[in-house]
Amino acid sequence: MPLPNSIEARDIAFHLHPATNAARHREIGPLVIERGEGVHVFDASGRKYIEALAGLWCAGLGFSETRVADAVYQQMKTLPYYHTFAHRSHGPVVDLAEKLVSLAPVPMSKVFFTNSGSEAVDTVIKLVWYRANAMGQPERKKFIARDRAFHGLTIAASCLTGLPANHRGFDLVGPEVLRVTAPDHYRNALPAESEEEFATRLAAELEALILREGPETIAAFIGEPVMGGGGVIVPPEGYWPKMQAVLRKYDILLVADEVICGFGRTGTLFGSTTFGIEPDIMTLSKQLSSAYLPISAVLVNEKVVEPIIEESGRLGILGHGFTASGHPVTAAAALETLRIIEEDGLVENAARSGAHLRAGLEALADHPLVGNVRGVGLVAGVELVLDKQAKTGLPEQPGGLGLLVNTRLQELGVLTRAMGDTIGFSPPLIISLAEVDALLAAFAQALDDVAATLAVRMEPA
């Protein structure tokens with residue numbers, strides 16, 4: 001137990017943590033992080049860690065970029081707050097909206113600002129419903145999402161999320177959500193089914209679902225270019241073109257959730273570019289400000305926004321927004337972040353360092369605990385197994401292998417995340433090849449140490 005009156009003890013006493021076993025937290029307390037430097041963070045005892053998930057997939061600039069701090073300070077001195085309701089605006093929000101439209105991978109028309117990825121997804125749901133009503137299609141309200149998707153944890157976004165851990169214990173009342181199979185070739189392909197054949201089957205599944213429900217009832221399909229929280233699922237060859245062809249056939253909107261993938265994570269500026277996706281709507285957050293301040297955005301094309309604009313004229317208002325929508329200080333942080341990404345060539349560095357990371361992880365594919373290595377750009381996942389043929393982990397503890405390796409990594413000075421038995425890697429975009437090598441060495445050591453521990457545990461008495 002932490003010492004009385006320590007920061008750890010006070011955290012236990014007063015702080016309810018998100019995405020945490022609250023009962024277990026009372027026993028073990030938090031790891032308190034005090035400062036950051038580049039790709040590293042330091043705990044309260046001064047111990048140094050590589051932050052191999054960039055916090056929560058988000059701190060693309062690392063943990064000590066003073067240019068963003070300076071931009072925020074200057075904006076705080078000039079205009080620390082103003083809103084964007086009722087025809088009000090300010091320079092930073094206009095500059096940022098214009099910049100995002102100019103960077104979009106396909107033609108976009110307008111930007112609506114929110115404060116988190118979850119709020120952005122909730123906003124998408126409301127705007128799509130508003131548009132359907134405006135077009136005289138009140139029955140077109142259903143969303144299609146995928147198993148193991150993560151789209152946020154507000155009520156409506158949670159309904160689109162497809163992870164049981166985010167549903168258990170909650171009574172979620174939200175949009176009607178239809179589910180299709182996650183594009184995980186390792187887990188979901190049939191025996192001897194190629195990636196192309198698997199993608200064809202998933203597109204056929206999508207079309208059958210649309211026809212069964214009625215195309216006139218379905219508003220949109222939402223998907224991350226690469227699925228993050230579901231275990232770093234990289235879509236198989238041909239997946240996105242085949243899925244898009246079905247959606248276009250039935251005039252169903254495509255929402256690209258770029259909250260993790262956007263601004264370089266996949267080795268190009270957007271995951272949509274990497275996979276040839278042509279979305280009608282995009283959600284952006286995380287690396288938009290390197291998560292130094294909370295900000296997110298919804299980009300919509302002309303097809304989506306024009307009926308919304310016309311309906312707001314008929315009704316007298318678009319009755320949606322947040323107190324901090326387009327906050328001038330967060331907009332300033334985002335603008336400076338985007339400048340740094342461009343000027344420092346961080347998308348190119350992500351592609352280069354990511355290729356080095358994936359090569360190092362693939363070199364571990366023969367390790368007895370490694371079942372599957374997958375990734376693109378500077379995001380990767382390693383799925384752990386005990387039985388490679390059966391693709392199974394610890395029978396008595398689902399996700400137990402991931403927990404063991406993740407715990408050992410922390411002991412070795414690497415912070416990341418286990419998603420079940422998949423270890424995720426999504427370090428800051430600034431990471432160097434030498435820092436990637438240090439990360440790889442720690443991961444290899446963690447695998448060996450856990451394998452040795454399990455071998456001892458499983459020896460006959």
May I ask you to check whether H327 and Y81 place their ring centers less than 6.0 Å from one another? yes
Please check: side-chain N/O of R131 versus main-chain N/O of K303, any donor-acceptor pairing under 3.5 Å? yes
Do R265 and S426 get their side chains close enough for a donor-acceptor pair, meaning under 3.5 Å? yes
Assess whether side-chain contact (heavy atoms from CB on, under 4.5 Å) is satisfied between I28 and I12, documenting all intermediate values. CA-CA 9 Å; I28 65 172; I12 292 169; over 6 Å; no
Consider only side-chain N and O atoms of S290 and Q287, and report whether a donor and an acceptor are under 3.5 Å apart. no
With a 6.0 Å cut-off (strictly less than), is the heavy-atom count around CD1 of I155, excluding the residue itself, greater than 12? no
Chi angles and distances behind the side-chain contact (heavy atoms from CB on, under 4.5 Å) call for I144, I222: CA-CA 6 Å; I144 301 174; I222 186 168; over 6 Å; no
Under the side-chain contact (heavy atoms from CB on, under 4.5 Å) criterion, do E176 and K141 qualify, and how do the steps go? CA-CA 7 Å; E176 184 173 352; K141 298 293 172 61; over 6 Å; no
Does the side chain of T273 come under 3.5 Å of the side chain of T268 through a donor N or O and an acceptor N or O? no
Kindly say whether A71 contributes a backbone atom to a donor-acceptor pair with the side chain of Q75 at under 3.5 angstrom? no
Sequence neighbours excluded, which residues qualify as ring-ring contact (aromatic ring centres under 6.0 Å, His included) partners of F113? none
Residue pair S158 / N166, side-chain donor-acceptor N/O under 3.5 Å: no
Output yes when R248 and E278 qualify as a salt bridge under the 4.0 Å nitrogen-oxygen rule, no when they do not. yes
Does a donor on one side chain and an acceptor on the other come within less than 3.5 Å for N301 and S109? no
So, E258 versus S272: side-chain donor-acceptor pair below 3.5 Å or not? yes
Tell me whether R26 is salt-bridged to D11, with the criterion being a basic N under 4.0 Å from an acidic carboxylate O. no
What residue among L401, V414, T416 forms side-chain contact (heavy atoms from CB on, under 4.5 Å) with N406? T416
When you check the side-chain N and O atoms of R374 and N372, is any donor under 3.5 Å from an acceptor? yes
State, with a plain yes or no, whether a side-chain heavy atom of F443 is found less than 4.5 Å away from one of V405. yes
Taking atom CG as the centre, does L433 end up with more than 12 heavy-atom neighbours from other residues, nucleotides or ligands that are less than 6.0 angstrom away? yes
Mind checking whether L429 and L61 have side chains closer than 4.5 Å, heavy atoms only? no
Would a line drawn from the ring center of Y239 to the ring center of F275 be shorter than 6.0 Å? no
Donor-acceptor pair, distance only, cut-off 3.5 Å: does the side chain of T217 make one with the backbone of R140? no
Between T84 and H90, does the side-chain contact (heavy atoms from CB on, under 4.5 Å) criterion hold? Intermediate values first, please. CA-CA 8 Å; T84 55; H90 49 78; 4.2 Å; yes
T337 side chain to S289 side chain, donor-acceptor N/O pair below 3.5 angstrom: no
Got a salt bridge between E37 and R35, using NZ or NE/NH1/NH2 to carboxylate O under 4.0 Å? yes
Report yes or no: does T78 contribute a side-chain atom to a donor-acceptor pair with the main-chain N or O of Q74 at less than 3.5 Å? yes
I'd like to know if the side chain of K286 reaches the main chain of L56, judged simply by a donor and an acceptor atom lying under 3.5 Å from each other, with no hydrogens or angles considered. yes
Candidate list W129, F112, Y130, test ring-ring contact (aromatic ring centres under 6.0 Å, His included), partner H320, passing option: F112
Under 3.5 Å, is there a donor-acceptor pair between the side chain of D43 and the main chain of E34? no
Strictly distance-based, threshold 3.5 Å: is any side-chain N or O of D280 a donor or acceptor partner for the main-chain N or O of L254? yes
